[in-house]
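Sharing a structure here in structure tokens format.
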There are 2 protein chains.
Amino acid sequence: MPSRIEQLCRDKGLKMTGQRRVIAQVLSAAQDHPDAEELHRRSMSIDNRISLATVYRTVRLFEDAQILERHDFRDGRARFETAEDGDEHHHHIINVRNGEVVEFEDEELETLKRRIAADLGFKIVGERLELYCLPIGDDEGVEK
Amino acid sequence: MPSRIEQLCRDKGLKMTGQRRVIAQVLSAAQDHPDAEELHRRSMSIDNRISLATVYRTVRLFEDAQILERHDFRDGRARFETAEDGDEHHHHIINVRNGEVVEFEDEELETLKRRIAADLGFKIVGERLELYCLPIGDDEGVEK
DNA sequence: GTTGATGCAAAATTTTTGCAAGATG
DNA sequence: CATCTTGCAAAAATTTTGCATCAAC
């Protein structure tokens, strides 16, 4: 049985190459938010005939197909995770002390965002919300 | 009388060079969110002895000093605007049809964000919230 | 006068692309 | 077997940096 991502690819008429299958598998397995090079590294460990260029091409493709989401956590490179189905949404808290990423979701927040956009005459088609935080009690003094 | 930005620089013990003064002036005057190259272009029109490298060095410096905010609206380069005083906050709606950026603020949203972070044991020290939108009634079909 | 800032050009980083060769449907 | 995809290496785009010179305090 084909994976969810594989199914999505077929639905869009994309060819299922070995490389795409591997990258999809790596993305599905990832519990974190790897960047392109990390995706490449993990993919290579499954099948070493995958180039970094293909990883870049594939994430762009998967992004267009809404198979994954591209993030930018201010560390200079794009990072990726599988997109969730339907209208679920989560956002990220980035612990600036150590780079740890915590996910959260909040229905009240979803409603409020939509209301704010609607009041200005807009419909949300994409979004980004990141909170850069320190653990409570940790009183600043973060080094570069 | 020195500008607000100039005062902030002095407070941090930074030297007030002609270049920094010009870049500060350009930032203050900007009603939009220029990128480094645009800042350089505008600065050059005031004083053409300013290099792009200095613009990059200066925005990093100003960012550390919380004189400006660095944004990333998914067009590949960083964009800048002066930071507001105190705890005011605004966020951005990006019209994906034409790239137009609309600013908004909402007190309820501020409260909610803080509550969400606090519930997870975090204190917000920085954030980012962007809503990528289409005007209501404009039914998709956005070209690359 | 010291210390920090600048300009220039070269380098670094991340991402994209041309093209010939290979795999997919 | 036509078309799409890949690998490679080169290019592009943005940002950073080394170093000699210059300016601010």
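The sequence lines fix the lettering, A, B, ..., with proteins before strands; numbering per chain opens at 1.
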query = Would you call R77(B)-E38(B) a salt bridge at under 4.0 Å N-O?
reply =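 No, R77(B) and E38(B) are not salt-bridged.
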
query = In whole angstroms, how far is the C1' atom of dC8(D) from the NE2 atom of H40(A)?
reply =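 Those two atoms, NE2 and C1', are 12 Å apart.
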
ask   = Between atom CD1 in I50(B) and atom P in dC8(C), what is the gap in whole Å?
value =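 Whole-Å distance recorded here is 12 Å.
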
message = Does this structure show an ion pair linking R21(A) with D47(A), if we count only N-O contacts that are shorter than 4.0 Å?
response =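 No salt bridge links R21(A) with D47(A).
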
Ring pair (Phe, Tyr, Trp, His ring centres under 6.0 Å) partners of Y56(B), counting only residues at least two apart =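 For Y56(B), no residue satisfies ring pair (Phe, Tyr, Trp, His ring centres under 6.0 Å) once neighbours in sequence are set aside.
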
ask   = Can you give one letter per nucleotide of nucleotides 20-25 of chain C, going 5' to 3': B for a protein heavy atom under 4.0 Å from the base, S for sugar-phosphate only, - for none?
value = ----BS

Return the polar atom pairs (N/O with N/O) between nucleotides 12-16 of chain C and the protein under 3.5 Å, or none.
unit_1: dT15(C); atom_1: OP1; unit_2: A78(A); atom_2: N; d: 2.9
unit_1: dT15(C); atom_1: OP2; unit_2: Y56(A); atom_2: OH; d: 2.5
unit_1: dT15(C); atom_1: O5'; unit_2: Y56(A); atom_2: OH; d: 3.4

ask   = Please give, in whole Å, the distance from dC25(D) P to D11(B) CG?
value =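 So the two atoms are 14 Å apart, to the nearest Å.
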
inquiry  = Tell me every residue that passes salt bridge (charged side-chain N to carboxylate O under 4.0 Å, His left out) with E63(B), counting only those two or more places apart in sequence or in another chain.
reply    =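 Residues passing salt bridge (charged side-chain N to carboxylate O under 4.0 Å, His left out) with E63(B): R70(B).
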
query = Does E103(B) CD have over 12 foreign heavy atoms under 6.0 Å away?
reply =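 It does: E103(B) CD has more than 12 such atoms within range.
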
ask   = Is atom CD of E100(A) surrounded by more than 12 heavy atoms (other residues, nucleotides or ligands) closer than 6.0 Å?
value =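 Above 12, so yes.
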
task = With sequence neighbours excluded, tell me which residues meet ring pair (Phe, Tyr, Trp, His ring centres under 6.0 Å) with Y132(B).
result =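 Here no residue qualifies.
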
key: Residues forming a ring pair (Phe, Tyr, Trp, His ring centres under 6.0 Å) with H92(B), sequence neighbours excluded   =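 Only H33(B), H71(B), F73(B), H90(B) meet the ring pair (Phe, Tyr, Trp, His ring centres under 6.0 Å) criterion with H92(B).
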
inquiry  = Measure CG/D47(B) against P/dT6(C) and give the value in whole Å, please.
reply    =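 After rounding, the gap between these two atoms is 12 Å.
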
key: Between dC4(D) (C1') and K12(A) (NZ): distance, integer Å   =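 Interatomic distance, NZ of K12(A) to C1' of dC4(D): 18 Å.
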
